[in-house]
Structures are given as structure tokens and as C-alpha cells.
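For reference, the structure is listed below as C-alpha cells.
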Amino acid sequence: GAAAMAAALARTMSTAAAGTPPVSLNTINPKVLKCEYAVRGEIVTHAQNLQQELQKNPDSLPFDEILYCNIGNPQSLGQQPVTYFREVLSLCDHPALLDKSETHALYSSDAIERAWQILDKIPGRATGAYSHSQGIKGLRDEIAAGIAARDGFHASGDNIFLTDGASPAVHMMMQLLIGSEKDGILCPIPQYPLYSASIALHGGSLVPYFLDEETGWELEVDELKKQLEEARSKGITVRALVAINPGNPTGQVLAEENQKKIVEFCKNEGLVLLADEVYQENIYVEDKQFHSFKKIARSLGYTDDDLPLVSFQSVSKGYYGECGKRGGYMEITGFSPEVREQIYKLASVNLCSNVSGQILASLVMNPPKAGDESFESFMVERDGILSSLARRAKALEEAFNSLEGITCNKAEGAMYLFPRLHLPQKAIGVAQAAGTAPDAYYAKRLLEATGIVIVPGSGFGQVPGTWHFRCTILPQEDKMPAIISRFKEFHEKFMDEFHD
Ligand SMILES: Cc1ncc(COP(=O)(O)O)c(CN[C@@H]2CONC2=O)c1O
């Protein structure tokens, strides 16, 4: 009413009198304005609005549900968590359960045993207390043992920093490495936009290196060299190189030879190698396997003194897909003690990561072994999920390649396909006249016709003049045929509407 109006007016007058403009886009940090994150960008917001419309009047749109294929969020699309992991987590969350006789009827004995082992690594078994800023030492040692078993090379718990997913670990490294826009970070194009967003937020420069779509998204070292020289000629000091393997959004698994060249390039150019390996358990092709960059570096004879290397892992992907639990780590090797101390200081500002995520990261890196009571059932769940992901990747890849105007590289790993759109000139013209990127225009039209949410390639970066989109391979298998037929119908109509 009038009183509220008067009070609001008085408040405005008082701030104006104080000379401080109210907070606005002109007053907030310009680095925040510059930052973008397309995985949950414009198209997704539009999809959420359509979803609300559907809830209000179900017959208002030419489809009855929104299918979110924009984000690698398996459990939001029906994937079930791994039983053993949840058994151990729930026991650690409520240790009193371990004193009840009924528990033995509900939980497997090896999960009970594992919960005791974990709780014994936590001072006072207090899973609700702040932990060490790098994470609980005993869990970090477990993770180091898992890394050593995976790679065949030593790993130390002192080099592990447990984080709330891999994202905050990436931000921490960008915060450490970037002091001004004169500091550059070599990033793959297409890239996962956490990197471009974090570099923007920290005021650095993204130095692109283009993955080669013709060779299945391999990266050529002379491309790295060319981009590095160009950056240096502009006065940029390149501090690090980001490698995402398996790749997001491109889904390739780097060939071992390619990885060796990347490690040698970083060694020779004095770059920190930032190895994003969150999809290390998502490999769908027989002719490729995951090699960590740590293993590649050590097998080339490089020790800590030769190469600063940071390896990122997460509980959000793989066959576990525990995105909401926020678990992960970075393994830091090859930094001087003084710099290590600065990284520790950064971690200490956030006190510690959440303890459930820490426990889950230690479980992911040390799952049940042959002979454990849960081993067989665990392997059935694990292999069931991974083989289903492989089938879905193949089905979508074949569907896209069957369409005129789309070519799609194989999804060797990760959780995405990144098809190339060969759009008619007319469609490109209409999109640009509407002020949107052609692939964003296509994605919007697809959403409005089918309810399917994809992310335009422009949200990941691409060779100028090429257009792509990213689609996850995550919708449950029983939904795949419907998605494919709805997509095909839309695409054929779209190509007819705009054929040159
Ligand atoms: C390559 C890569 N690195 C790091 C992350 C961060 O993961 P967490 O912080 O959960 O550990 C993701 C998440 N993938 C995003 C989220 O879903 N779809 C994507 O492209 C990713 O794809």
C-alpha cells in the first residue's frame, strides 16, 4: 500500500543521498558478466519455462514431456546408484546403525566391515566434523593406493586434495595460476565450459587449441605449438595446458601416442598439465583404453622434478554417476614445496570438502574386489550400467549419421555425442537475422518441436563456420527409440523447410 511505497521511496532516496548506486549490472564484477556456462544456459532456461507451461496445461505443446539431454546427470534420468557405495555411505552417515543387530539383516557384511574401516580413519568417528583441509588423511591414502593400483606407479595421499566435485578443484587451480589477463591457459576447442567460465572469472586468457574433427578429435602437437607461439607474440605467458580425456563434449579417447606428445610438449614448454580425467571409467570401444596422464608421464621417465601435473577425478561420472554427492579430488605432483603451501592455503580457506563426498571418492577408487561378499552383485550393477551406456552411445551415433545434413564422430567414451550440423545457407541466414548462432537456433526449434534439450556447439566452441550440438547418451534405453524418432522427424522437416 501507500506506506510500503513511501518506505521504498525513502530507502531509494537514502541510497541516492549516500551517492551509492543500487547494485546493478553496472556495479557487479565485470568478470562475472563475461563468464558463460552453456550446459545450463539459455536453452535450458527456455526448457524449464516450457516444462512449467506443460504442468499448467498439458496439451499446450506438441509433446508431453521435456527430455533433458543437456547435462551429464545420469541419476536424474533414472540411473540407479551402486548398492555397495550407498550401503557404506549410509552406515558412515549414521554410525549408530553399526551397533544394532537388525543391521546385519539389511546390509552386506563387507559393507559393514568397510564402514568400520572408514570410521576408524576419522578422528572420533565424527563424520560431521570439519576434516583436514585436504580431506581425511586415511581416505586420501586409500585413494592414493587406488591410483597406484590403476597406474602401476607410486601415488601419495599427501598429494591428494579432496574437493566437492572436480569443479572447485579446477577453480582452485585457475585461481592459483592466473594473476592477470597476461596469463594464458591452453584449452581444447570444443571444451567443457567450466574451463572458459573459470578462466573468465579469474581474469585470465583462454588460449584455444582446436581438436581435429576429421581425425576423430585428435589433437595435433603442431596445433599446440602454433597457438602457443601466437599467444606469446601477443604478450601472453601460457601457464598451463588443459587436456580432457575422455573428451567432453567430443567423446574421444586420446591415443597413447597422442598423450605422450602432449606430456613432452608440456615438459619442453614448461607448462602445468591439467589432466581432466573424470570420464576415466567411461570407455565404450574395444580398441581404446584409459591411460592416466600421470602413468604416461612416469612411463616416459618424467618424475616430479620434470613436470607439474594436476589430475582431476570426480564421483559424478563413470558407472557411479553420483553428481549430487559432490565428491572428487585433484592429485597434485611436481610443484615446489612453497607453491604446494599456497595451494594448501587456498584449500584451507574453504575449510574442507563434504565428508560424504570424501568417503565416496575413496570407495570409487577402491571398489569391492574379487572375493568380497558384494563383488559379484557390484560387478553386475557396474557392467550393466556401462554396457547400457555403450549401447545408447552406438544407437544415437547411428541415428545421427543416418540423417542428411548430420555427421557424427563415434562416442568412444564420456557421456556425449557432438554431431556436426551441415545447415542449409537459408537456415544460417534466418538464424543470423534473428541474432542467434545457427546451432542455437536449431536447438531452440528442436526443443519447441520435440521437448528434447540439447546444447548448441557454440556453447563449447568450434572451428569458426562449423556448427554442432551436444547431446547426452543418458536417456534410459526404453526412451531411446522415441527420442530418435522424434529427433529424426524434426530434423527432416527442418531440412525441408530450409533446403537451398
Ligand atoms: C570434463 C568435466 N570436468 C569436470 C566436470 C565437473 O564435475 P563435478 O564438479 O560434478 O565433479 C564435468 C561435469 N560434467 C558436466 C555436468 O554435466 N554435463 C557436463 O558437461 C566435466 O564434464
Side-chain angles (χ1 to χ4, degrees), residues 36 38-54 56-71 190 213-214 249-251 392-393 395-409 411 416-475 479-500:
E36 285 181 9
V39 172
R40 284 186 149 169
E42 222 172 292
I43 288 278
V44 183
T45 310
H46 187 46
Q48 285 156 347
N49 297 337
L50 294 181
Q51 188 159 26
Q52 278 158 17
E53 227 178 284
L54 270 182
K56 273 181 252 159
N57 31 10
D59 304 330
S60 59
L61 296 166
F63 47 83
D64 48 17
E65 64 172 331
I66 300 284
L67 288 161
Y68 288 97
C69 301
N70 60 298
I71 186 165
E213 185 162 16
E214 306 314 316
T250 43
R392 284 178 270 170
L396 262 182
E397 174 199 318
E398 285 170 355
F400 288 142
N401 277 317
S402 72
L403 293 170
E404 182 238 341
I406 294 186
T407 52
C408 185
N409 278 335
Y416 316 97
L417 288 162
F418 197 65
R420 179 168 175 186
L421 283 170
H422 303 270
L423 293 170
Q425 202 46 46
K426 221 165 110 186
I428 292 173
V430 166
Q432 285 169 340
T436 60
D439 48 23
Y441 177 72
Y442 180 90
K444 191 158 185 282
R445 290 289 303 271
L446 171 75
L447 168 60
E448 289 171 348
T450 67
I452 297 171
V453 191
I454 57 175
V455 184
S458 29
F460 301 90
Q462 53 204 340
V463 170
T466 67
W467 308 107
H468 299 76
F469 63 86
R470 190 189 80 172
C471 183
T472 69
I473 60 170
L474 297 178
K479 288 212 162 161
M480 270 297 176
I483 291 179
I484 289 173
S485 57
R486 272 156 66 176
F487 191 99
K488 278 186 172 184
E489 187 188 345
F490 160 77
H491 181 79
E492 281 154 5
K493 276 190 194 150
F494 184 91
M495 295 301 274
D496 279 351
E497 182 183 340
F498 292 104
H499 69 81
D500 290 326

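Fair warning: this is a prediction, and the values are worked out from it, not measured in the lab. By convention here, the first residue in the shown sequence is residue 1.
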Notebook entry, point to check: Residues in side chain to side chain donor-acceptor pair (under 3.5 Å) with Thr472, at least two apart?
Noted result: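 Thr472 satisfies side chain to side chain donor-acceptor pair (under 3.5 Å) with no residue once adjacent residues are dropped.
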With rounding to the nearest 0.5 angstrom, report the [atom1] to [atom2] distance, [X] to [Y].
| X | Y | atom1 | atom2 | value |
| --- | --- | --- | --- | --- |
| Leu446 | Phe490 | CG | CZ | 5.0 Å |
| Arg420 | Asn409 | CZ | CG | 10.5 Å |
| Met480 | Leu67 | CE | CG | 10.0 Å |
| Asn401 | Ile406 | CG | CD1 | 8.5 Å |
| Arg392 | Leu417 | CZ | CG | 12.0 Å |
| Glu36 | Glu42 | CD | CD | 9.0 Å |

Shortest non-hydrogen contact between [X] and [Y], atoms and distance:
| X | Y | result |
| --- | --- | --- |
| Pro419 | Phe469 | CD-O, 3.0 Å |
| Arg486 | Glu65 | NH2-O, 3.6 Å |
| Ala395 | Ile484 | O-CD1, 4.0 Å |
| Met495 | His422 | CE-O, 3.7 Å |
| Phe63 | Leu54 | O-CD2, 3.5 Å |
| Pro249 | Phe418 | O-CB, 3.4 Å |

Next item on the list: Can you spot which of Glu497, His491, Glu489 makes a side-chain hydrogen bond (donor to acceptor under 3.5 Å, both in side chains) with Lys493?
Entry: Glu489
Next item on the list: With Asp439 as reference, evaluate His468, Gln462, Arg470, Lys444 under the side-chain hydrogen bond (donor to acceptor under 3.5 Å, both in side chains) test and give the passing residue.
Entry: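 For Asp439, the side-chain hydrogen bond (donor to acceptor under 3.5 Å, both in side chains) test succeeds with only one of His468, Gln462, Arg470, Lys444, which is Gln462.
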Margin query: Under a 4.0 Å threshold between the charged nitrogen and the carboxylate oxygen, would Lys488 count as salt-bridged to Glu492?
Written below: no
Check: Do Phe494 and Phe487 have ring centroids that are under 6.0 Å from one another?
Finding: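 Not close enough - the centres of the two rings lie 6.0 Å or further apart.
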Answer yes or no: is there a side-chain heavy-atom contact under 4.5 Å between [X] and [Y]?
| X | Y | result |
| --- | --- | --- |
| Phe498 | Leu423 | no |
| Tyr416 | Leu474 | no |
| Glu53 | Leu61 | yes |
| Cys471 | Leu396 | yes |

Next item on the list: Test Asn70 against every option in Val453, Leu447, Ile454 by the side-chain contact (heavy atoms from CB on, under 4.5 Å) rule and name the one that passes.
Entry: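 The single option meeting the side-chain contact (heavy atoms from CB on, under 4.5 Å) with Asn70 is Val453.
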Note to self: Strictly distance-based, threshold 3.5 Å: is any side-chain N or O of Thr45 a donor or acceptor partner for the main-chain N or O of Gly41?
What the structure shows: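 Checked: pair present.
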